[in-house]
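In listed order, ligands and their atoms are each counted from 1. Numbers for residues simply follow the sequence, beginning at 1. Everything numeric here is computed off the predicted structure, so don't read it as measured data.
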Amino acid sequence: MNHFSPSILSADFMQLQTTIDALKKGGADYLHIDVMDGVFVPSISFGMPVLSCVRHNTDLFLDVHLMIDNPQRYIEEFVKCGADLITFHYEAVEDVTATIEQIRKQGVKAGLSICPETPAKAVLPYLSQVDMILVMTVHPGFGGQTCIPECMDKISEIRQWIDEKHLTTDLEVDGGIKLDNVDQFLTRGANVIVAGSAAVKGNVEENARRFCEMMKQYSK
Ligand code: DX5
Ligand code: ZN
């Protein structure tokens with residue numbers, strides 16, 4: 001099943017409720033929450049208080065993307081604040097399996113993400129352990145970047161492994177996704193699409209509607 005997961009990172013935070021309501025009205029079923037710590041990535045975004053407020057004001061599925069070093073320190077807290085799915089970075093932990101187990105133990109879904117320089121095969125041993133793989137198509141840390149074309153092959157590669165193993169693991173893509181290139185991600189087999197700047201700037205409801213229409217054309 002396809003899911004549209006707009007990121008609030010580039011939103012006007014004074015208008016967050018209006019933005020989230022418009023995204024939902026346009027058809028988004030997930031909301032992507034980008035948490036940055038200034039260590040794993042250069043910038044600092046927001047954390048628990050914002051997640052908690054969002055949780056109390058929407059029933060959208062909260063897809064939390066942790067771009068933080070040593071995420072194991074904060075998993076329980078993010079769950080308490082309302083995460084439905086927690087994705088951490090392969091590059092940010094020492095023990096991937098232990099981190100997945102820690103997330104699952106909290107009763108939420110677990111995702112594993114790789115940065116552009118990490119090869120697809122890094123996630124292969126964990127495909128059946130996680131609910132979702134997130135392929136970053138920009139260097140994590142900022143919204144509004146251009147997709148790195150070299151990352152595209154990883155999407156097809158991982159989709160092939162998921163299908164060969166008859167798994168239901170979701171495949172999410174994030175970074176530089178716009179209405180005029182989203183088809184390239186969908187044809188390669190991504191089924192969860194993140195869009196930040198292309199979703200929350202301009203007519204938010206219309207943006208979401210157009211992304212969802214594109215995704216319907218590729219639904220399996
Ligand atoms: C980047 C974040 C993304 C970001 C995407 O580090 O993980 O989720 O919000 O923004 P766009 O779609 O503008 O590239
Ligand atoms: Zn993200």
Side-chain angles (χ1 to χ4, degrees), residues 3-13 16 19-20 22-23 26 28-47 50-51 54 60-69 71 74 78 83-92 103 109-118 123 130-152 154-155 170-186 190-204 206-208 210-212 214-215:
H3 302 282
F4 180 46
S5 190
S7 165
I8 60 169
L9 182 66
S10 299
D12 174 351
F13 293 114
L16 202 48
T19 301
I20 294 172
L23 290 167
D29 55 340
Y30 280 23
L31 197 62
H32 188 83
I33 310 286
D34 285 306
V35 179
M36 304 176 181
D37 67 351
V39 178
F40 181 71
V41 292
S43 33
I44 298 175
S45 57
F46 46 75
V50 172
L51 175 61
V54 170
L60 286 173
F61 182 91
L62 298 183
D63 162 26
V64 176
H65 177 195
L66 296 184
M67 287 162 276
I68 68 174
D69 213 21
Y74 295 114
F78 278 109
D84 291 306
L85 179 153
I86 294 182
T87 297
F88 65 95
H89 270 266
Y90 172 85
E91 303 85 0
I103 297 171
K109 292 188 172 184
L112 177 63
S113 181
I114 48 170
C115 288
E117 61 276 9
T118 302
V123 303
V130 290
D131 297 283
M132 190 173 83
I133 298 291
L134 165 55
V135 174
M136 287 305 298
T137 47
V138 297
H139 294 289
F142 303 94
Q145 302 181 74
T146 305
C147 163
I148 301 169
E150 287 74 27
C151 297
M152 300 304 281
K154 287 198 262 181
I155 306 167
D170 286 317
L171 183 53
E172 182 176 58
V173 282
D174 180 8
I177 303 171
K178 316 276 172 207
L179 275 164
D180 63 8
N181 68 2
V182 63
D183 59 321
Q184 297 175 33
F185 297 83
L186 292 163
N191 73 304
V192 185
I193 299 289
V194 177
S197 44
V200 301
K201 304 277 187 204
N203 186 333
V204 177
E206 185 58 19
N207 295 339
R210 289 173 68 190
F211 268 105
C212 292
M214 289 293 288
M215 294 182 67

Checklist entry - What class does the angle between the rings of Phe46 and Phe13 fall in, given that below 30° is parallel, 30 to 60° is tilted and above 60° is perpendicular? => result perpendicular
Distance-only donor-acceptor hits, side chain of residues 139-151, under 3.5 Å, sequence neighbours excluded:
from, atom 1, to, atom 2, distance (Å)
Gln145, NE2, His139, O, 2.8
Gln145, NE2, Phe142, O, 3.0

Separation between CD1 (Ile86) and NZ (Lys109), nearest 0.5 Å, reads 13.5 Å
Residue pairs passing the salt bridge (Lys or Arg N to Asp or Glu O under 4.0 Å) test with at least one member in residues 190-201, sequence neighbours excluded, are none
Check the side chains of Asp34 and Ser45 for a donor-acceptor pair under 3.5 angstrom, ignoring hydrogens and angles.
no
- Item | Phe61 CZ: over 12 foreign heavy atoms closer than 6.0 Å | yes
For the Zn ion (ligand 2), protein N, O or S atoms at a distance below 2.8 Å amount to 4
Test side chain to side chain contact (heavy atoms under 4.5 Å, CB included) applied to Phe211 and Ile177, step by step
CA-CA 10 Å; Phe211 268 105; Ile177 303 171; 4.3 Å; yes
>> Within the 3.5 Å criterion, strictly below it, is a donor on Thr137 or Lys154 matched to an acceptor on the partner's side chain?
In response: no
Report every pair formed by an N or O atom of ligand 1 and a protein N or O atom separated by less than 3.5 Å, giving atom names and the distance to 0.1 Å.
from, atom 1, to, atom 2, distance (Å)
ligand 1, 6 (O), Gly141, N, 2.7
ligand 1, 7 (O), Asp34, OD1, 3.0
ligand 1, 7 (O), His65, ND1, 3.3
ligand 1, 7 (O), Asp174, OD2, 2.9
ligand 1, 8 (O), His32, NE2, 3.4
ligand 1, 8 (O), Asp34, OD1, 3.1
ligand 1, 8 (O), Asp34, OD2, 2.7
ligand 1, 8 (O), Asp174, OD1, 2.7
ligand 1, 8 (O), Asp174, OD2, 2.9
ligand 1, 9 (O), Ser7, OG, 3.1
ligand 1, 9 (O), Asp34, OD2, 3.0
ligand 1, 12 (O), Gly196, N, 2.8
ligand 1, 13 (O), Gly144, N, 2.8
ligand 1, 13 (O), Ser197, N, 3.0
ligand 1, 13 (O), Ser197, OG, 2.5
ligand 1, 14 (O), Gly176, N, 2.8

ask   = So, His65 and Asp174: side-chain donor and acceptor under 3.5 Å apart, yes or no?
value = yes
